[in-house]
J.: 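The structure's right below; bear with me while I get my questions together.
Whatever order the structure lists them in is the order used to number ligands and atoms, beginning at 1. None of the values given here were measured: they were computed from a predicted structure. Residues: numbered from 1 along the sequence shown.
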Amino acid sequence: MKYINDTIVASASALVNQSISIIRISGSDTYSLVDKVFSKDIKQQKGYTLINGYIHDGKGNKIDEVVLACYKAPKSFTGEDSIEINCHGGILVTQKIIKLLLNLGMRMAERGEFSKRAYLNNKINLVQAEAINDLIFAENDATLKTAINSLGSFTTNLINNLSDDLLALIAQVNVNIDYPEYNDIEAVTDESMTTAVDQFLTKIKTIKEHSEITQIIKNGVETAIIGKPNVGKSSLLNALLKEDKAIVSEIQGTTRDLVEGKINLGDFSLNLIDTAGIRETEDQIEKIGIAKSKAIIAKAQLIILVVDGSKELTKEDYDLLKLIADKNYIIAVNKTDLGLKLQMEGTIKISALKQDINNLIQAIKNKVVTTKIDFNNELLLTNTRQLAYLDEIESNISQASEELKNGVSVDLVVVYLQKAWNLLLSIQGKDNQINLIDEIFKRFCLGK
Ligand SMILES: Nc1nc2c(c(=O)[nH]1)N(C=O)[C@@H](CNc1ccc(C(=O)N[C@@H](CCC(=O)O)C(=O)O)cc1)CN2
Ligand SMILES: Nc1nc2c(ncn2[C@@H]2O[C@H](COP(=O)(O)OP(=O)(O)OP(=O)(O)O)[C@@H](O)[C@H]2O)c(=O)[nH]1
Ligand SMILES: [Mg+2]
């Protein structure tokens, strides 16, 4: 890691020609260094003030007229002394000023270093730092809303509440073991413990369920269009995308490689993948394509199996049905414009050629339900790292619940709860060495 004591600089706006660009500076030498190239004395400048003047090169040459936004530690985004130079937004001007500051002894900031400093100076916690990134890269309203909630106290409170729940449980067990005579505290029975652990587990599961939906909203549903050759998979892709993306022909085995496209269905989007028709073949290239199709089936979140409705099903269709039996799938009976030969329950009838696919879109929407989430006050997390920790927490709590039901004693099972509590600390980027006993004593005022 580069030195945390360095004074760092970076352009906060894109390096394109624009009306104003912002150069961000943070660190303890900010004022003494900028003072060397600014036309007015800023050594005594107060925080949260603006000052207008010239940046010069120290040899009497003016570079630009600017406005400085001045922050004094600890009242700044990073918690350090900080200045934002609002200069004219030419690429040349911006680069000249940055070069000048580097020559004075500042260092180019690394990616995310301003936020890293805000975190290290306790201005934001890790959950909020991640929210800043999620906010910047949000592609739809729902993701934006969860990110801004996370930047506020929303997610932090959610994690804190989970920590509190767990701590209450752990504390009760510990107090019972260590201070059996301490009668302020209710004795924990195996039964009360099992109930409490199961309640906690339900809460974790609810969060996970809601979070999966937000992941779908954030990333799109990986959707594979599969089927034997010539049933109209590529035609369907084109109809869904409303463009001629994939090659369509009456020749079997037209599509060799995967063809991808994205459509927005309102609440969520589909990441569509058109695949090579699956059949037995001796063609080496087609074989590779078919292997790719099978790999995609394995990892898709939704599968659209296309069959030709103008003919009877063949063995190839039945083999594919078997292959996707335990997946999330929809069967689209295509070519209905040619007259329907095929009667199959629970299928969706379409004509890709005539772009008659609205009932398929409706069926997809029904499969991917995202509408029941209230993004303003639900139990949810959106960040991938946080969700990975949540998985681990869930497995520890499940383990605790199972062992309690198998008659393992409370004082052994509490180990899993402690592990889960440590994982919650990790989500917040807090030191795992925070003393659990200290926390427990704080809560129960045992020293009174
Ligand atoms: N010009 C500018 N705009 C910006 C930022 C910035 O750093 N500079 N931000 C950067 O991401 C975001 C706003 N976030 C910010 C968060 C905290 C502080 C800040 O100065 N906090 C001090 C003082 C708070 C107060 O007195 O109310 C503090 O927390 O001590 C500034 C911006 C978006 N817009
Ligand atoms: N009548 C009719 N013909 C269709 C329909 N959909 C596709 N076709 C025709 O069926 C043939 C095959 O279509 P494709 O979309 O290339 O089929 P595919 O499943 O992608 O085939 P492969 O890439 O070879 O696996 C073409 O001649 C299409 O015009 C439909 O709804 N009705
Ligand atoms: Mg095709």
J.: Is it the case that ligand 2 has an N or O less than 3.5 angstrom from some N or O of P229?
T.: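 Between P229 and ligand 2 (N or O atoms, distance only) the closest approach is not under 3.5 Å.
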J.: Counting only heavy atoms, which portion of V231 has something under 4.0 Å from ligand 2: side chain, backbone, both, or neither?
T.: both
J.: With a 3.5 Å distance limit and no angle check, can you tell me whether H88 reaches the backbone of G90 through a side-chain donor-acceptor pair?
T.: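 Here the side-chain-to-backbone pair does not exist.
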J.: Does an N or O from L353, backbone or side chain, lie closer than 3.5 Å to an N or O of ligand 2?
T.: yes
J.: Judged by non-hydrogen atoms, does G227 sit under 4.0 Å from ligand 2?
T.: no
J.: Decide whether an N or O pair under 3.5 Å exists between T336 and ligand 2.
T.: no
J.: Look at atom 11 (C) of ligand 2 and find which of A239, S249, G339, S310 reaches it with the closest heavy atom.
T.: S249
J.: By the definition side-chain contact (heavy atoms from CB on, under 4.5 Å), identify the one residue from I397, N396, L167, D165 that meets it with L417.
T.: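 Answer to the side-chain contact (heavy atoms from CB on, under 4.5 Å) test with L417 among I397, N396, L167, D165: I397.
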J.: Is the closest protein non-hydrogen atom to atom 16 (C) of ligand 1 under 4.0 Å?
T.: yes
J.: With heavy atoms of K233 as the reference, note each atom of ligand 2 found under 4.0 Å away.
T.: 15 (O), 17 (O), 18 (P), 19 (O), 20 (O), 21 (O), 22 (P), 25 (O)
J.: Can you find a pair of side-chain heavy atoms, one from H56 and one from N61, that are under 4.5 Å apart?
T.: no
J.: Answer yes when D283 and R256 have at least one side-chain N-carboxylate O distance shorter than 4.0 Å, and no when they do not.
T.: yes
J.: What protein heavy atom sits nearest atom 26 (O) of ligand 1, and how far away is it?
T.: K75 CE, 2.9 Å
J.: Sub-3.5 Å donor-acceptor pair from the side chain of N271 to the main-chain atoms of K262, do we have one?
T.: no
J.: Tell me, do T155 and Q386 make a side-chain contact under 4.5 Å, heavy atoms counted?
T.: yes
J.: Looking at E312 and K341, is any side-chain nitrogen of the basic one under 4.0 Å from a carboxylate oxygen of the acidic one?
T.: no
J.: With only distance considered, is A352 within less than 3.5 Å of ligand 2 through an N or O on each side?
T.: yes
J.: Might you check, step by step, whether the distance between atom 10 (C) of ligand 1 and some protein heavy atom is under 4.0 Å?
T.: yes
J.: Number of protein N/O/S atoms less than 2.8 Å from the Mg ion (ligand 3)?
T.: 2
J.: If every non-hydrogen atom of I23 is compared with every non-hydrogen atom of C87, which pair is closest and at what distance?
T.: CD1-SG, 4.0 Å
J.: Quick one: does Q428's side chain get under 4.5 Å of L126's, heavy atoms only?
T.: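 No; the side chains remain at least 4.5 Å from each other.
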J.: Under 3.5 Å, N or O to N or O, is S234 touching ligand 2 that way?
T.: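 Yes, there is a polar N/O contact under 3.5 Å.
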J.: Based purely on interatomic distance, does G232 place a nitrogen or oxygen under 3.5 Å from a nitrogen or oxygen of ligand 2?
T.: yes
J.: Can you tell me which residue and heavy atom of the protein come closest to atom 22 (C) of ligand 1, and the distance to 0.1 Å?
T.: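 Atom 22 (C) of ligand 1 sits closest to the protein heavy atom S76 N, 3.5 Å.
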J.: Consider every N or O of T255 and every N or O of ligand 2, then say whether any pair is closer than 3.5 Å.
T.: yes
J.: For ligand 2 and A276, I'd like to know whether there is a polar contact (N/O to N/O, distance under 3.5 Å).
T.: no
J.: Suppose I only count heavy atoms of G253 and a 4.0 Å limit; which atoms of ligand 2 are within that range?
T.: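 Close to G253: 24 (O).
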J.: Among all the protein's non-hydrogen atoms, which is closest to atom 8 (N) of ligand 1, and how far away is it?
T.: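 For atom 8 (N) of ligand 1, the nearest protein heavy atom is E84 OE2, 2.6 Å.
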J.: Taking the side chain as C-beta and beyond, is there a heavy-atom pair between N86 and L68 under 4.5 Å?
T.: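 Not touching, per the 4.5 Å side-chain cut-off.
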J.: Any side-chain heavy atom of E260 within less than 4.5 Å of one from L272?
T.: no
J.: So between E286, E250, K335, K354, whose heavy atom ends up nearest atom 9 (C) of ligand 2?
T.: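 Considering heavy atoms of E286, E250, K335, K354, the nearest to atom 9 (C) of ligand 2 sits in K335.
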J.: A cation-pi test, strictly: NZ or CZ of K72 under 6.0 Å from the centre of the six-membered ring of Y31 and no more than 45 degrees from its axis. Yes or no?
T.: yes
J.: Between L33 and L101, is there a side-chain heavy-atom distance shorter than 4.5 Å?
T.: no
J.: Check each of Y48, F77, Y71 against atom 14 (N) of ligand 1 and report the one with the nearest heavy atom.
T.: F77
J.: Please determine if L338 has a nitrogen or oxygen closer than 3.5 Å to a nitrogen or oxygen of ligand 2.
T.: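 No, there is no polar N/O contact under 3.5 Å.
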J.: Tell me the contacting part of P74 for ligand 1: side chain, backbone, both, or neither, using a 4.0 Å heavy-atom threshold, strictly below.
T.: backbone
J.: Who's the nearest protein heavy-atom neighbour of atom 30 (O) of ligand 1, and how far?
T.: K123 NZ, 2.6 Å
J.: Please tell me if atom 34 (N) of ligand 1 is touched by the protein, where touching means a protein heavy-atom distance below 4.0 Å.
T.: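 Answer no: nothing from the protein, no heavy atom, is under 4.0 Å.
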J.: Less than 4.5 Å apart, side chain to side chain, heavy atoms only: is that true for E392 and K419?
T.: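 With C-beta onward as the side chain, the pair stays apart.
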J.: For atom 7 (O) of ligand 1, find the nearest protein heavy atom and state the residue, atom name and distance (0.1 Å precision).
T.: R24 NH2, 2.8 Å
J.: Ligand 2 and S351, any nitrogen or oxygen pair closer than 3.5 angstrom?
T.: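 Yes; at least one N/O pair falls below 3.5 Å.
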J.: Return yes when I350 approaches ligand 2 closer than 4.0 angstrom through a heavy atom, no otherwise.
T.: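 No, I350 has no heavy atom closer than 4.0 Å to ligand 2.
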J.: Between Y48 and Y71, is the ring centroid distance below 6.0 Å?
T.: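 Yes, the ring of Y48 comes within the 6.0 Å limit of the ring of Y71, centre to centre.
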J.: Does atom 28 (C) of ligand 1 have any protein heavy atom closer than 4.0 Å?
T.: yes
J.: Under a 4.0 Å threshold between the charged nitrogen and the carboxylate oxygen, would K205 count as salt-bridged to E209?
T.: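 K205 and E209: not salt-bridged.
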J.: State whether any protein heavy atom lies less than 4.0 Å from atom 1 (N) of ligand 1.
T.: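 Within 4.0 Å: yes, protein heavy atom nearby.
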J.: Under 4.0 Å between a Lys/Arg side-chain N and an Asp/Glu carboxylate O for D274 and K233?
T.: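 Looking at D274 and K233, the cut-off is not met.
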